[in-house]
2 protein chains.
Amino acid sequence: MRLSDMLTEYIMDMLEAEDNAEIRRNELAERFGCVPSQINYVLTSRFTPEQGYIVESRRGGGGYIRITRIRADKSTALMHIINSIGNELDNITAQIMINNLKSASIINDEAARLLLSAGAERTLGAVPPLLRDKVRASLFKNMLITMI
Amino acid sequence: MRLSDMLTEYIMDMLEAEDNAEIRRNELAERFGCVPSQINYVLTSRFTPEQGYIVESRRGGGGYIRITRIRADKSTALMHIINSIGNELDNITAQIMINNLKSASIINDEAARLLLSAGAERTLGAVPPLLRDKVRASLFKNMLITMI
DNA sequence: CTGACTTTGACTTTTACTGACCAAAGGTGT
DNA sequence: ACACCTTTGGTCAGTAAAAGTCAAAGTCAG
């Protein structure tokens, strides 16, 4: 098996667990008994943005290379969530939903905060209690759909 | 973890509480077991004006280094807007506000879309018409405040 | 055989850290 | 006042520890 393929597999495996893998170039090169620049070759040939990955790195002491898998199915995931929201949505469920979306890196931190504050009980204080879950459902569906 | 990062974190933590952190170079260096000039390195590499910080210092007995975080216009602009929102906010005004914030690049496109859709008439359809402007005002104030 | 893909290694650039030496502010004795 | 010492912080150049680049050499399917 090709060296590049083994390295690719290794990184893919790391990304299996989390969609964020951090490696140290020299260390990895040593483990695979290859030259460090081989790692760069693998990264530029198999982990490109077109293939759904973001590679960030830092040189110098304590440097690193971080590979992030982009969720291409952002829209799919969002549509799924949107469809799962019925006519009403209570705040606890909403909070869980947002946190899930955030930790799956489907939405970013700012969007999460905006959604959470929109759905907060305090924000909807002026809405008659019996209507709140209805309004919250509408808010979330309409806000999430803008992010597709 | 890098020494520089630990020092950065330490200073950031101080700035969390207040916009203003005062340190003594030698003392801090000793606490982290490094040479004093390491502190300067961290300050010049991570607390530059471009990154939104001002560093002032004074030598001699009772000397100090003071790091001040400059709150970018963003917060000021947002606070200004937030304060200008009264108890009620109609949709037209809200739309103008958001577009202004966006064209001044104080908020990004996604945030603008989220705010607009939260305030839309259709989104707030379940809210009794007489309450809508109240709810919209609350929504905007609470959402904008998360972006400060 | 040829062209695309792999592998290698020499050289470059960036970042982190250290230490020797410098500069300024305050304190003190005359 | 002044000279001198102490207590701070500042600078800079050197070393080390990463990662990046690029072109030459190797491999392999068609």
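In what follows, every chain begins at residue 1, and chains take the letters A, B, ... in the order their sequences are listed. Since this is a predicted model, take the numbers as computed values, not measurements.
- The ring pair (Phe, Tyr, Trp, His ring centres under 6.0 Å) test applied to A/Y64 returns no partner, not counting sequence neighbours.
- Across C/dG26, D/dG9, C/dT8, the shortest atom-to-atom separation from the side chain of B/R58 is found for C/dG26.
- Within 6.0 Å of CD in A/E16 there are 12 or fewer heavy atoms belonging to other residues, nucleotides or ligands.
- Nucleotide D/dT7 holds its P atom 14 Å from the CD atom of B/E30, rounded to whole Å.
- Distance CD (B/E56) to P (C/dA25): 14 Å, rounded to an integer number of Å.
- Summarising the geometry, the separation between CD on A/Q38 and C1' on C/dA10 is reported as 16 Å, rounded to the nearest angstrom.
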Using a cutoff of under 3.5 Å, can you pull out all pairs of nitrogen or oxygen atoms linking the protein to nucleotides 21-24 of chain D, with atom names and distances?
none

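- Here the P atom of nucleotide C/dT7 and the CG atom of A/L28 are 13 Å apart, to the nearest Å.
- Residues A/R25 and A/N40 bring a donor and an acceptor atom of their side chains to less than 3.5 Å of each other.
- Computed from coordinates, the B/R66 CZ to D/dG10 P distance equals 13 Å when rounded to whole Å.
- Each of D/dT8, C/dT15, C/dT7 was ranked by its minimum atom distance to the side chain of A/S4; first place goes to C/dT7.
- The interatomic distance linking B/L3 (CG) with D/dA16 (P) rounds to 18 Å, in whole Å.
- Environment of CD in B/E18: sparse, with no more than 12 heavy atoms of neighbouring residues, nucleotides or ligands closer than 6.0 Å.
- Distance from the side chain of A/S57 is smallest for D/dA19 among the nucleotides D/dA19, C/dA25, C/dT15.
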Quick one: which protein N/O atoms are closer than 3.5 Å to N/O atoms of nucleotides 28-30 of chain D? Pair and distance per line, please.
none

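- In this structure, A/R46 reaches the sugar-phosphate backbone alone: every heavy-atom distance under 4.0 Å involves primed, P, OP1 or OP2 atoms, never a base.
- The side chain of B/R24 contributes an N or O atom lying less than 4.0 Å from OP1 or OP2 of D/dT8.
- Rounded to an integer number of Å, the gap from CD1 of A/I67 to P of D/dG20 is 10 Å.
- A salt bridge links B/R136 with B/E121; the closest basic N to acidic carboxylate O contact falls under 4.0 Å.
- A/R132 has no carboxylate O lying under 4.0 Å from a charged side-chain N of A/D90, or vice versa, which leaves the two without a salt bridge.
- Taking CE of B/M97 as the reference point, atom CG of B/L89 lies at 5.5 Å (rounded to 0.5 Å).
- At a threshold of 4.0 angstrom between heavy atoms, the contacts of B/I39 with the nucleic acid are absent.
- With respect to B/V135, the side chain to side chain contact (heavy atoms under 4.5 Å, CB included) criterion is satisfied by exactly one of A/V127, A/L139, A/T123: A/V127.
- Residue contacts shown for B/G60 include a base, since a base heavy atom lies under 4.0 Å away.
- Other residues, nucleotides and ligands place no more than 12 heavy atoms under 6.0 Å from the CD atom of A/E30.
- Following rounding to the nearest Å, A/E27 (CD) and D/dA18 (P) show an atom-to-atom distance of 9 Å.
- In this structure, B/Y41 reaches the C/dA16 phosphate: one of its side-chain N or O atoms is under 4.0 Å from OP1 or OP2.
- In this structure, the nucleotide among D/dG9, D/dG20, C/dT15 sitting nearest to the side chain of A/I65 is D/dG20.
- Checked by atom type, the side-chain pair A/T146/B/E110 shows no donor-acceptor distance below 3.5 Å.
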